[in-house]
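All ligand and atom numbering here is 1-based and tracks the order in the structure. Keep in mind that this is a model prediction, so the values were computed, not measured.
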Amino acid sequence: MSQSLHHRQSAALSTRAHLITPSGTSQARTAGRVAVSAGRDLVDFTIGEFAIDVDPIIKGAAIRAIAENRNGYSDTIGLSPLRAAIAGEVSRSAGHSWTADEVAVTAGAKSALLFLALALLDSGDEVIVPTPYWQTFPAQIRIAGGQPIFVNHRADGQLDVEAIERAITPRTRVLLINTPNNPTGAVYSAEVLGNAAELAQRHNLWIIFDQCYRSFVHSGNEHHNIVALVPAIRERTIIIDSFSKTLAIAGWRIGYVVAPKSVIAAIRSFQSHMTSCANVIGQYGVLPYLQSRQDRFQSHAMGRLTANRSVGLDILARLRNVPTPLAQGGFYFYLDVSTLLRRSTLVGTSQELVDYLIETAGAATVSGVPFGDPSGLRISYALKTDDLVAGLTRVVDALNALI
Ligand code: PLP
């Protein structure tokens with residue numbers, strides 16, 4: 001081959017590589033970090049993790065694991081005692097019983113969800129994704145060759161089970177449920193979950209039940225595990241959970257799946273070829289905390305979050321033209337900025353609003369666009385309280401100045 005031909009040919013990426021882009025939240029985070037490194041005083045509201053120290057039991061156990069040279073792979077789907085401890089913890093919290101052989105530990109819930117998309121979907125199969133959604137859901141469905149079918153939440157943030165039923169076709173394989181919801185902050189009611197379970201049974205669907213934010217449920221709301229509500233759907237339900245939010249160790253990459261054994265076997269196969277196992281030091285770190293059967297850290301974290309939520313809602317109450325966010329669970333204020341965008345002459349889209357807030361308020365937020373909702377704005381309140389107060393006050397002033 002001639003030298004010139006070599007230069008003219010360019011190696012191409014796959015079609016799949018063009019299907020997805022980096023997650024909008026990580027892009028927003030990067031934009032925030034760029035502004036900070038340029039010396040700007042910026043409060044970062046984009047983060048999906050808690051600014052809080054890790055529990056000393058977990059820290060100590062991880063340090064011990066390093067000192068004891070626990071450096072090798074674990075079993076593909078996790079250390080046996082950890083799987084047993086997870087089964088115990090999930091069973092206790094849900095009021096329904098699972099065993100260790102129904103648990104797989106994965107490198108974050110994210111990788112578990114990808115393995116599931118690969119394990120459950122054939123090309124063109126459809127997954128019902130309630131909108132607004134966590135953007136990784138549709139991205140992974142597309143990576144696996146499936147088709148996300150978007151169905152709006154009700155105005156009160158609950159699943160719209162009737163609209164979901166209308167969207168079901170012979171290709172529908174999975175109903176995706178995420179409660180407490182990222183980004184909306186809704187916690188689904190027992191009634192709505194019961195109806196969704198009944199629908200899944202009638203149409204023979206899998207349910208993926210993502211409860212990664214279940215530790216954080218606020219003021220009068222209650223998180224329900226859908227299997228505990230309707231045990232008849234146990235064999236079609238895959239529970240996704242993670243220690244990223246619950247124990248504030250997002251970077252350690254420890255998530256898990258609780259599911260029928262056939263699904264656990266599929267996850268074992270996929271994980272064995274993709275990540276081998278979850279981070280071993282992290283697994284040893286979490287183990288004694290779970291075995292201690294305390295929820296010391298969760299109580300501490302919840303105390304901090306409750307205070308932040310309350311201070312934040314007080315500040316947001318000064319907003320004109322933006323309704324009070326749901327903030328029933330998780331740690332996001334999700335604002336409906338549709339009126340603001342309609343009336344403002346300065347900003348027309350939520351992305352322009354994000355840019356305006358970086359410039360004017362020194363605050364990095366996430367537009368609703370990556371969540372499939374052009375009229376949303378997501379603000380995390382899992383920050384240090386001082387940062388939250390300073391930044392949110394500036395955000396409210398800047399939004400009120402728009403009209
Ligand atoms: N599910 C939801 C709804 C999330 O928001 C996230 C993270 O932001 C995850 C799953 C994944 O968490 P991880 O991969 O860190 O366990």
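- Taking every heavy atom of Cys212 and a limit of under 4.0 angstrom, the matching atoms of ligand 1 come to 1 (N), 10 (C).
- For the pairing with Phe137, the side-chain contact (heavy atoms from CB on, under 4.5 Å) check across Ile208, Asn182, Asp210 returns one residue only, Asp210.
- At the top of the distance list for atom 7 (C) of ligand 1, counting protein heavy atoms only, stands Lys245 NZ, 3.1 Å.
- Residue-ligand proximity, Tyr213 to ligand 1, at heavy-atom distances under 4.0 Å covers atoms 3 (C), 4 (C), 5 (O), 8 (O).
- Those atoms of ligand 1 with a heavy atom of Ser242 less than 4.0 angstrom away are 13 (P), 16 (O).
- In terms of protein heavy atoms, atom 15 (O) of ligand 1 is closest to Ser244 OG, 2.6 Å.
- Between the Arg234 side chain and the Val227 main chain, no donor and acceptor come within less than 3.5 Å of each other.
- The protein heavy-atom contact nearest to atom 14 (O) of ligand 1 is Arg253 NH2, 2.8 Å.
- In the displayed structure, Arg202 atom CZ is contacted under 6.0 Å by more than 12 heavy atoms of other residues, nucleotides or ligands.
- Across Thr179, Ile47, Asp210, heavy-atom proximity to atom 3 (C) of ligand 1 is greatest for Asp210.
- With respect to atom 11 (C) of ligand 1, the closest heavy atom belonging to the protein is Trp134 CH2, 3.6 Å.
- When the heavy atoms of Asn182, Ile208, Asn178 are ranked by distance to atom 5 (O) of ligand 1, first place goes to Asn182.
- Among protein heavy atoms, the minimum distance from atom 12 (O) of ligand 1 is reached at Ala109 CB, 4.0 Å.
- Arg64 places no side-chain N or O within 3.5 Å of a backbone atom of Tyr284 that could act as its donor or acceptor partner.
- If you number the atoms of ligand 1 from 1 as listed, the ones under 4.0 Å from a heavy atom of Gly108 come out as 14 (O), 16 (O).
- In this structure, a donor-acceptor pair under 3.5 Å is absent between the side chains of Thr365 and Arg378.
- Under a 4.0 angstrom heavy-atom cut-off, Phe243 registers as lying outside contact with ligand 1.
- Using modelled atom types and a 3.5 Å distance limit, the side chains of Tyr213 and Asn181 yield no donor-acceptor pair.
- Donor-acceptor pairing under 3.5 Å is lacking for the side chains of His153 and Gln158.
- For the pair Arg268 and Asp75, the salt-bridge criterion is met [side-chain N within less than 4.0 Å of a carboxylate O].
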